[in-house]
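In what follows, chains are A, B, ... by sequence order, proteins preceding strands, each numbered from 1. Remember, predicted model here, so these are calculated numbers, not experimental data.
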Protein chains: 2
Amino acid sequence: MRYEKGHKESTRQQITEVASKQFRDQGVSAVGLAAIMADAGLTNGAFYTHFSSKNDLVRECVEQTLDAQLQAISRNISEHGLEAVLRQYLSPSHRDDRGHGCPSAALLPEISRQSPEIRHAYTARFNAVIEVIAQQLPGHDPDDAHQTARAMFALVVGSLQLARAVDDPALSDDILEGAIAAVLRLAARPSKA
Amino acid sequence: MRYEKGHKESTRQQITEVASKQFRDQGVSAVGLAAIMADAGLTNGAFYTHFSSKNDLVRECVEQTLDAQLQAISRNISEHGLEAVLRQYLSPSHRDDRGHGCPSAALLPEISRQSPEIRHAYTARFNAVIEVIAQQLPGHDPDDAHQTARAMFALVVGSLQLARAVDDPALSDDILEGAIAAVLRLAARPSKA
DNA sequence: AATATCACATTACGATCATAATGCAATAAG
DNA sequence: CTTATTGCATTATGATCGTAATGTGATATT
């Protein structure tokens with residue numbers, strides 16, 4: 001045994017954190033394992049003592065980042081309310097920090113092209129976030145609350161992607177602000193419940 | 001001259017069409033030039049007589065697919081109305097045919113990581129589509145119409161991405177249907193104009 | 001104190017990456 | 001009819017891809 005007891009676990013965690021950032025920054029297929037390992041302070045060869053394949057690492061990253069996002073959203077909703085979470089999600093600072101931001105906004109089209117187990121992991125955590133959002137829509141009946149929550153999620157994800165894609169800073173800001181207003185309209189209690 | 005007069009132009013067009021499909025199917029960074037050229041019935045070496053780089057090809061594909069989408073949307077809106085275009089965009093057949101579908105839904109996070117000229121080309125065409133949608137929102141004042149149009153666009157793009165990512169077919173259908181309802185709510189004439 | 005373990009480094013595999021130099025053959029231009 | 005042009009194929013570049021075999025040295029175990 002060359003290293004102390006908890007060493008392997010902390011190294012594995014370091015790899016997934018570095019990889020999660022690089023994947024969101026540059027895209028899953030644009031990042032090589034060598035770059036991830038180097039950024040984690042290791043070399044190529046150590047990778048396969050921690051993961052069985054790149055697909056395995058991607059799955060781990062998707063699960064961890066989505067779990068962390070769910071926890072953060074749940075806590076912030078109970079502490080500050082839905083609108084505060086919304087404004088934070090659609091903020092310039094979130095737009096400008098892809099590497100630590102929403103995995104859906106950074107990777108959603110790529111996730112749809114990943115292996116079945118990754119898509120399955122994504123689906124479960126997507127449903128969990130929708131559940132949390134739907135519980136914040138009291139005026140809606142249960143089915144409608146879930147449909148509306150999904151639309152709200154799609155709207156903020158799409159808006160963040162658009163705000164990152166356009167090259168006009170003023171337009172990018174307008175996209176974020178318009179999205180906040182639109183999501184609040186969707187969340188509002190329907191005229192006839 | 002080994003080939004007839006219009007040959008080079010039609011070959012170039014063939015390359016961009018094949019590339020546009022492969023990029024949307026598999027992602028820009030996941031597709032190699034050799035695979036594109038082979039699918040176009042050519043070999044590696046012919047690429048650089050048509051394009052100066054892969055970035056150049058990507059720009060051409062983004063421009064062509066977005067221009068075609070704008071024309072299709074404009075025509076279908078004037079022929080069948082906004083709601084029909086919406087229902088077609090959020091249809092299972094569009095979800096299941098990435099390669100010929102909306103470039104934004106297939107590539108938006110990747111576009112935000114592309115070169116400045118590609119992001120600039122995207123921005124101009126995004127604004128053009130928003131203009132067309134905004135003109136279909138008569139109850140809104142001009143600024144609000146554009147904000148709402150952007151939110152509607154973000155909502156349909158995000159929803160299509162989600163419908164493609166989840167591995168539960170029933171959920172995927174629900175996402176599409178819920179998105180239609182939500183977009184129509186956003187498009188509805190605001191209570192106080 | 002001796003030994004076995006194992007998390008890493010080193011090195012390398014064949015494949016593919018974007019890019020490019022060179023060769024060629026058929027057609028357009030003369 | 002000759003010749004110059006050029007759109008493509010062939011071939012090759014060094015780099016990087018995901019994956020894997022092998023080496024090694026410090027620690028946990030004995």
- Count the heavy atoms belonging to other residues, nucleotides or ligands that lie under 6.0 Å from CD of B:Glu79, then report whether that count exceeds 12.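 More than 12 heavy atoms, drawn from other residues, nucleotides or ligands, come within 6.0 Å of this atom.
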- Do NZ/NE/NH1/NH2 and the carboxylate oxygens of A:Asp173 and A:Arg95 come within less than 4.0 Å?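 So A:Asp173 pairs with A:Arg95 through a salt bridge.
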- Message: Whether A:Arg59 and A:Glu63 form a salt bridge (side-chain N of Lys/Arg under 4.0 Å from carboxylate O of Asp/Glu) is what I want to check.
- Response: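 Yes, A:Glu63 and A:Arg59 are salt-bridged.
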Tell me: [atom1] of [X] to [atom2] of [N], nearest whole Å?
X	N	atom1	atom2	value
B:Lys8	C:dA28	NZ	P	16 Å
B:Ile36	C:dT16	CD1	P	15 Å
B:Tyr3	D:dG7	OH	C1'	6 Å
B:Leu33	C:dT16	CG	P	14 Å

- Message: Contact list please: residues 39-60 of chain B against DNA chain D, heavy atoms, distance less than 4.0 Å, in numerical order.
- Response: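 Heavy-atom contacts with DNA chain D come from B:Gly41, B:Leu42, B:Thr43, B:Asn44, B:Gly45, B:Ala46, B:Thr49, B:His50.
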- Considering only heavy atoms, which members of residues 12-32 of chain A lie under 4.0 Å from some atom of DNA chain C?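 Here the set is empty: none.
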- Any A:Ile130 side-chain heavy atom under 4.5 Å of A:Phe126 side chain: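 The answer is yes, as the side chains (C-beta and beyond) meet within the 4.5 Å cut-off.
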Taking atom types as modelled and ignoring hydrogens, do the side chains of [X] and [Y] form a donor-acceptor contact shorter than 3.5 angstrom?
X	Y	answer
B:Asp167	A:Thr123	yes
A:His80	A:Gln88	no
A:Glu110	A:Gln114	no

- Looking at the side chain of A:His7, which of D:dT19, C:dA7, D:dA28 is the nearest nucleotide?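 Given the options D:dT19, C:dA7, D:dA28, the side chain of A:His7 is closest to C:dA7.
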Donor-acceptor contacts, no H, no angles, side chain residues 67-77 of chain A, under 3.5 Å, sequence neighbours left out:
{"from": "A:Asp67", "atom 1": "OD1", "to": "A:Arg125", "atom 2": "NE", "distance (Å)": "2.8"}
{"from": "A:Ser74", "atom 1": "OG", "to": "A:Leu70", "atom 2": "O", "distance (Å)": "2.9"}
{"from": "A:Asn76", "atom 1": "ND2", "to": "A:Ala72", "atom 2": "O", "distance (Å)": "3.3"}

